Amino acid sequence: MVRRPRRLALFAVLTLVLPLAVTGQALADPSNNSPAKLTQAVTLNGVLRHLDAFQSIADTHGDRAAGRPGYQASVNYVVSQLTSAGYSPNVQEFDFPYVEDNSRLDRVAPVPRIFQRDTEFTRNGFTPTFEGDVTGVVQPVDVIVPPAPVPNTSSSGCEPADFAGFVPGRVAMIQRGTCGFNVKALNAQAAGASAVILFNEGQPGRTGLSTPVGDTPGLAVPVVFATYAAAEDLILNTPGATVRVKVDFTEETRKTWNVFAESRDGDANNVVMAGAHLDSVQDGPGINDNGSGSAALLETAVHMKKVKPNAKVRFAWWGAEEEGLLGSEHYVATLPQAGQDRIALYLNFDMVGSPNHFFGIYDGDDSSGTAPVPIPPGSAQIEDVFEKFYADRGLPSEDTDFSGRSDYGPFIAVNIPAGGLFTGAEDVKSAAQAARYGGTAGIAFDPCYHQPCDTRSNLNLTALDVNADAIATAVITFAFDTSTVNGVRAPGKSHGRAQRGSTS
């Protein structure tokens, strides 16, 4: 039957923040007013201290995902550190559509295997969606494995006749093809299937995950969708396998938070913003993604507290990025036009310590020609600062796509120049990159991306140390002079806002 969403008590309002010890943390010093001095103050040990705290939070609560206790604890930690450094942090609350998915696809026997949710299978999006937990023997229904050379060939499960000889109580495996997913699922139920595994057809471009949708009146069996590779493993390698198919999820509105800290000094009409998302995915500690960016930004903020910049500096830790950039979208959408106009630029730091890293800089001048979004003028000049940082240290770097797929997306959507750093996620490192940066070719930059193994040990400490300095360098560089980006000249006084990207 369809279960009502579980209603969990909302987290306590963040009116009290537990003070945490700042043992081993150097106090912010007004002399940290240059890249050289600030990077000396922002140490790897300081960044790791914050990451140890995030790991401890995840150990206690299971993860640091938005809408869950571990995220609230992460917010409390960041607020406490900022408060101890002398800031008056602001916590912005917003509602978001919370989804908790505990669905499963497991091979019970032979050769037990747990298929990974969201990479090897996903639950359906039918209306209605039936929640249930079934264990049974797999039976393929009129499948073509290996696939036909032409896509959209398989009629698996499209006709009641396809189920001739189907044994009631078994789990139907049905291939994508010539009719709707909902038709296939309802035909399987009518034939006595206890559960349904839909899977992709198998031709190039039709191997990964899709979310089955459509009206399914009377659906009373759990249905999941698997990649072609997962289905092929079940059908060819372990025919007649016993599997567990579970559809179990919660959908409701919950609250989460963004955190901000702002310099006391600086031109309020010329704001430099720097941000990192604070949340993890569910069931993972999120230490590289994105404890790394959050911790390096926090350490930079702590050591800049007493610096007196020419531009106002606003640090941001975003909530619900993993749910679709929701925290940064909420901030930009609720910021009046005048507030948007005051932002000179935005710097984004999302995954800066990947274990099999490369040094990626958002391609603000689109020299690689890969940007799928318009790039605000001034973004190329942000890229220049990062390129110079690596070059000055004799380190290689390269463009990474200016795609808008992290929290800078909402900023560039309103024509605010942006830039930032990225050390790689699920994509595979090339042999050329291994030759440049070290590491291992042929495996992901972060093999633990969005996995429970994204722990404190899932970091390249050299990359993290370098990028913490790169973050500090960029923030303080623009804190004192944004003229290359927006034409506002240092020191202090504005000489008139030029159009974005003008150097005059």
Side-chain angles (χ1 to χ4, degrees), residues 33-39 42 266-267 270-276 293 296-297 300 304 309-311 313-314 343-352 357-404 406-409 411-412 415-424 436-437 463 466-491 494-495 497-504:
N33 59 359
S34 70
K37 293 175 181 178
L38 184 61
T39 55
V42 174
D267 182 0
N270 193 41
V271 178
V272 170
M273 284 199 70
L297 189 67
T300 298
M304 278 192 66
N310 293 320
V313 180
R314 185 177 301 149
I343 300 175
L345 59 99
Y346 172 71
L347 305 173
N348 193 70
F349 306 109
D350 188 354
M351 301 180 67
V352 296
H357 78 286
F358 72 104
F359 288 130
I361 306 169
Y362 294 152
D363 188 12
D365 61 6
D366 197 25
S367 58
S368 60
T370 60
V373 294
I375 299 178
S379 300
Q381 286 68 37
I382 298 172
E383 182 185 9
D384 290 344
V385 169
F386 290 116
E387 287 178 338
K388 182 178 186 302
F389 169 85
Y390 291 116
D392 286 350
R393 293 205 173 186
L395 294 171
S397 64
E398 62 188 80
D399 293 341
T400 191
D401 287 350
F402 199 99
S403 63
S406 188
D407 286 302
Y408 65 101
F411 289 87
I412 65 174
N415 206 37
I416 294 172
L421 304 177
F422 178 60
T423 52
R436 295 185 77 194
Y437 302 102
V466 168
N467 278 339
D469 286 351
I471 290 167
T473 295
V475 172
I476 200 163
T477 295
F478 289 116
F480 281 101
D481 187 2
T482 64
S483 61
T484 59
V485 174
N486 67 351
V488 176
R489 296 184 180 90
S494 169
H495 294 267
R497 287 294 295 267
Q499 292 185 350
R500 294 200 185 281
S502 171
T503 57
S504 62

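Index from 1, following the sequence. The structure presented is a predicted model; accordingly, all values stated were derived computationally and were not measured.
Applying the salt bridge (charged side-chain N to carboxylate O under 4.0 Å, His left out) test to residues at least two apart or on different chains, none of the pairs has a partner in residues 371-382. Applying the side-chain hydrogen bond (donor to acceptor under 3.5 Å, both in side chains) test to pairs two or more places apart or on separate chains, those with a residue in residues 471-481 are Asp481-Ser483.
Listed here is the closest heavy atom pair of Ala472 and Val42: CB-CG2, 4.2 Å. Considering all non-hydrogen atoms of both residues, Gly293 and Val352 come closest at N-CG2, 3.8 Å. Of all the heavy atoms in Gly424 and Met351, the pair that sits closest is O-CE, 3.2 Å. Ala468 approaches Thr300 most closely through the heavy-atom pair O-OG1, 4.3 Å. Of all the heavy atoms in Pro417 and Ile382, the pair that sits closest is C-CD1, 3.9 Å. Here the closest non-hydrogen pair linking Tyr362 and Asp350 is OH-CB, 4.4 Å.
Thr484 and Asp384 form no side-chain donor-acceptor contact under 3.5 Å, judged by distance and modelled atom types alone. A donor and an acceptor atom, one from each side chain of Thr370 and Asp363, are nowhere located under 3.5 Å apart.
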message = Would Leu345 and Asn486 count as a side chain to side chain contact (heavy atoms under 4.5 Å, CB included) here? Give the steps.
response = CA-CA 8 Å; Leu345 59 99; Asn486 67 351; over 6 Å; no
ask   = Where do Asn467 and Phe349 land on the side chain to side chain contact (heavy atoms under 4.5 Å, CB included) test, with the steps shown first?
value = CA-CA 9 Å; Asn467 278 339; Phe349 306 109; over 6 Å; no
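For the atom pair CZ (Phe478) and CG (Asn270), the distance works out to 11.5 Å, reported to the nearest 0.5 Å. The structure places CD1 of Ile471 at 14.0 Å from CD1 of Ile476, a figure rounded to the nearest 0.5 Å. Put simply, CG on Leu297 and CG on Leu347 are 9.0 Å apart, with the number rounded to the nearest 0.5 Å. Atom CZ of Phe389 is separated from atom OG1 of Thr39 by 7.0 Å, given to the nearest 0.5 angstrom. To the nearest 0.5 angstrom, Ile375 atom CD1 is 7.5 Å from Ile412 atom CD1. In this structure, Met273 CE and Ile416 CD1 are separated by 8.5 Å, a value rounded to the nearest 0.5 Å.
A search for salt bridge (charged side-chain N to carboxylate O under 4.0 Å, His left out) contacts involving Lys388 returns Asp392, not counting sequence neighbours.
The aromatic rings of Tyr346 and Phe411 lie parallel to each other, with less than 30° between the two planes, well short of the 60° mark.
Between the side chain of Ser34 and the backbone N or O of Lys37, at least one donor-acceptor pair lies under 3.5 Å. In this structure, the side chain of Arg436 engages the main chain of Ser397 through a donor-acceptor pair within 3.5 Å. A side-chain donor-acceptor contact under 3.5 Å links Glu383 to the backbone of Asp365.
Residues Ser403 and Tyr408 have side chains in contact (heavy-atom distance under 4.5 Å, counting atoms from C-beta outward). Contact check for Asp399 versus Glu387: side-chain heavy atoms found under the 4.5 Å cut-off. The shortest distance between side-chain heavy atoms of Leu421 and Tyr390 falls below 4.5 Å.
The six-membered or imidazole ring of Phe386 lies away from that of Phe359, with a centre-to-centre distance of 6.0 Å or more.
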